[in-house]
Each structure stands twice: as C-alpha cells, then as structure tokens.
Amino acid sequence: MAAVVLVHGLYHRPEHFAPVAEHLRTEGVEVLVPELHRGSLCADTHAVQAAIDSLSEPPIALGHSYGGSVITGVRGAARLVYLAAFVLDAGESAAGMGGASRQLGEAILAEPDGSTSLHPDRAADALYDDCPGPLAARAVGLLRVQAAGCGRGVPEHHGWKSTPSTYVVCARDMAIDPGLQRKMAARCSDVREWPTGHSPFVGRPRLVVELIRELLAAAARLGPTDPVR
C-alpha cells in the first residue's frame with residue numbers, strides 16, 4: 001500500500017492536514033499524521049521516525065514549515081517533500097536561517113512559562129491570508145501553544161543528501177520569505193513553485209493531494225526502493 005507521512009509545523013496540529021489526509025485515504029493511501037509538540041526537535045523527529053518505521057513500505061514524508069526540520073532528520077523515507085519548509089544542513093536550525101516575516105513576528109505572543117502562542121487575528125494574516133474566511137477561522141482555532149526551543153534544534157541527520165526530495169516554494173507566502181525558500185529549494189532534487197500563501201493544505205488542499213498523487217505514481221513506476229535507514 002502506498003504510504004504518506006504528513007508533518008505539521010510550529011503551533012499546528014495534525015488536524016490542519018485533515019482535508020489532505022482524508023482525500024488520500026479515500027484513494028487507498030495509508031496516511032499517518034504524527035503529533036509533534038514533544039518539546040524539542042530531537043523528540044519531534046523521533047515521533048516521526050516511529051511513524052515511518054511502523055509502515056511496511058517506505059513512505060513519502062511531507063514536512064510543512066518547521067516540519068521540514070523534522071523530516072530532514074528521519075531515515076527510511078522514499079521521498080522528502082518540503083512545503084514552504086526548512087531544508088537544513090549541518091549546524092543549521094530553522095531559527096538560525098531566519099526568514100520569518102514581520103507579520104509572523106508580530107503575531108507571536110510570549111506566555112509566562114516561556115512558551116509562545118499566536119494572536120488569532122494576526123495569525124490569520126500571516127499563515128492563512130489567501131484562504132477563504134471560514135477555512136482560515138477553523139485553522140486559527142486549531143492552533144496551539146508552542147514550547148520554546150524547537151526552532152533552534154539542529155538535525156543530527158540530513159536525509160535530503162541521500163533521499164530524493166521535492167521543494168514547493170509558496171510564492172505569496174506571508175510567513176516565511178519566498179526568497180529564502182528558493183535558496184533552500186536549491187538543495188533539493190526537484191523544485192515546484194505555487195502562487196499560494198504559507199498554508200495551501202488549508203486553502204487549496206487539492207494542490208497538495210495532486211502533488212502527492214503524482215509523486216506516488218512516479219515512485220510506483222520506478223519500482224521498489226531501498227532508502228538509507
């Protein structure tokens with residue numbers, strides 16, 4: 001059975017990927033959407049690695065935003081897909097790469113315990129500015145508090161160096177600079193560019209479904225793979 005692991009970004013939940021996951025499942029694809037928020041990049045990566053290891057076939061692993069930092073560190077995926085996401089090299093972290101927009105920075109609220117959250121109205125402008133109002137409102141309602149430090153984590157493994165990878169630049173992104181996305185995309189073996197904001201899985205989930213469908217079909221034509229584990 002074809003398999004996909006979807007990895008959300010900071011402040012997000014697996015439920016943000018529900019439209020994509022549900023559609024793929026109707027087509028017979030096995031879809032796992034691990035919950036992050038484990039307290040560190042290392043812990044988040046281990047959670048996604050466990051999901052990959054539970055599958056009988058190497059999956060496509062798609063990471064959004066911070067989720068790119070996570071999928072960079074996993075082993076055993078057939079392909080890595082970076083959706084407006086961080087493709088990190090040795091010693092790099094998402095926070096160190098920069099690229100966060102003024103809109104996103106102004107949306108971040110410091111909590112007394114050192115964690116952060118996002119101001120609902122400002123989060124909508126940064127993350128879901130091109131999404132229909134009801135979908136944006138639902139996505140904002142799902143956002144959760146983020147523990148400190150995850151964005152400063154450095155991957156111990158760099159899977160894009162040995163695993164086929166696709167980068168999707170979101171050209172109208174109001175959260176992460178598209179220019180930085182293009183620089184990171186140069187590290188990948190395949191690059192696409194969409195005229196969307198930061199979260200096409202919310203506003204235009206069919207775009208994400210069609211990309212995954214295309215990549216699964218290409219993998220099927222190539223036959224079994226033996227990714228580095």
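No hydrogens, no waters, no symmetry mates; every other heavy atom, side chains included, goes into these values.
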Pairing residues for [X] by the side-chain contact (heavy atoms from CB on, under 4.5 Å) criterion, not counting sequence neighbours:
X: A217; value: R221
X: S54; value: L32
X: S165; value: L80, Y82, W160, C188, S189

Qualifying salt bridge (Lys or Arg N to Asp or Glu O under 4.0 Å) pairs with a residue from [range], counting only residues at least two apart or across chains:
range: residues 97-109; result: R102-E106
range: residues 115-130; result: none
range: residues 166-178; result: none
range: residues 147-168; result: D89-K161

Going by the rule ring pair (Phe, Tyr, Trp, His ring centres under 6.0 Å), which residues pair with Y66 if we only count those two or more places apart in sequence or in a different chain?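 In terms of ring pair (Phe, Tyr, Trp, His ring centres under 6.0 Å), with neighbours along the sequence ignored, Y66 is linked to no residue.
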Residue pairs, two or more places apart or on separate chains, that pass side chain to side chain donor-acceptor pair (under 3.5 Å) and touch [range]:
range: residues 133-148; answer: H37-Q146
range: residues 18-31; answer: H23-E27, E27-R213
range: residues 5-15; answer: Y11-T116, H12-Y128

**Item:** Side-chain donor-acceptor contact under 3.5 Å, H198 with S65
**Value:**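 Checked: H198/S65 side chains pair up, N/O donor to acceptor below 3.5 Å.
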Quiz prompt | Residues forming a salt bridge (charged side-chain N to carboxylate O under 4.0 Å, His left out) with E214, sequence neighbours excluded | solution =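 If we apply the salt bridge (charged side-chain N to carboxylate O under 4.0 Å, His left out) test to E214, skipping adjacent residues, the hits are R192.
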